[in-house]
Amino acid sequence: MAGEHRAVLPAEPAVRAAGEGAARPAARAAAPEAPDADPLHTGPPRSAASGTAPPGPPGPAETRALIRAQLRTALGTCAMVMSVLAGLPLLALVPPVARVRAHGLPVLWLVLAAGVQPVWIAVAVRQLRRAERAERALDRR
């Protein structure tokens with residue numbers, strides 16, 4: 001079919017009301033919208049009228065500061081975890097503590113089985129909040 005010209009149109013949803021039959025949907029008059037740069041809307045609201053552009057990516061100095069802040073938080077978290085891990089076995093060396101039993105089981109075993117988990121959860125939540133706070137502080141700069 002020489003001389004035939006075909007145009008490719010963007011796909012439109014094929015929604016038809018009853019009685020429209022095979023009517024073709026009208027093409028959009030406006031240009032398609034640009035994809036949203038922040039689809040989860042995590043940053044500050046932007047106004048098209050204000051003309052403010054979003055801040056650019058952080059520079060090398062800001063990135064190093066964020067890494068240092070998060071490393072400091074991670075090291076503090078590791079110190080807390082290690083102190084709990086090292087402290088519980090040391091309690092077994094104290095004879096009065098080692099002899100305490102509840103329902104026939106040593107109390108230290110019960111603490112290891114059920115008492116440590118809430119500590120891990122609290123430490124993990126603390127680590128997450130501090131890391132996010134450091135990232136938000138970087139965004140505000």
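The heavy-atom pair separating A102 from L110 by the smallest distance is CB-CD1, 3.8 Å. Contact detail for P106 and R101: the closest heavy-atom pair is CD-NH1, 3.3 Å. Among all heavy-atom pairs drawn from P89 and A86, the shortest one is CD-O, 3.5 Å. Pairing each heavy atom of A98 with each of A92, the nearest pair is CB-O, 3.4 Å.
Hydrophobic clustering (ILVMFWY, side-chain heavy atoms < 4.5 Å, transitive): M82 and V84 are in one cluster. Taken together through direct or relayed side-chain contacts under 4.5 Å among Ile, Leu, Val, Met, Phe, Trp and Tyr, V97 and V107 form part of one hydrophobic cluster. Grouping the Ile, Leu, Val, Met, Phe, Trp and Tyr side chains by contacts below 4.5 angstrom, directly or via other members, places V111 with V123.
We find the CG-CG distance between L112 and L91 to be 9.5 Å, quoted to the nearest 0.5 Å. Atom CD of Q127 is separated from atom CE of M80 by 8.0 Å, given to the nearest 0.5 angstrom. Taking CG of L138 as the reference point, atom CD1 of I67 lies at 10.0 Å (rounded to 0.5 Å). In this structure, CZ in R136 is found 12.0 Å from CG in L66, a value given to the nearest 0.5 Å.
A heavy-atom distance below 4.5 Å is not found between the side chains of S83 and L85. Side-chain contact check for Q70 versus E135: some heavy-atom pair is nearer than 4.5 Å. Contact annotation: the side chain of L88 approaches that of V116 to within less than 4.5 Å [non-hydrogen atoms, C-beta and beyond].
Using modelled atom types, no side-chain atom of R126 and backbone atom of A122 make a donor-acceptor pair closer than 3.5 Å. With hydrogens and angles disregarded, a donor-acceptor distance shorter than 3.5 Å links the side chain of E62 to the backbone of G59.
More than 12 heavy-atom neighbours from other residues, nucleotides or ligands sit within 6.0 angstrom of CH2 on W120.
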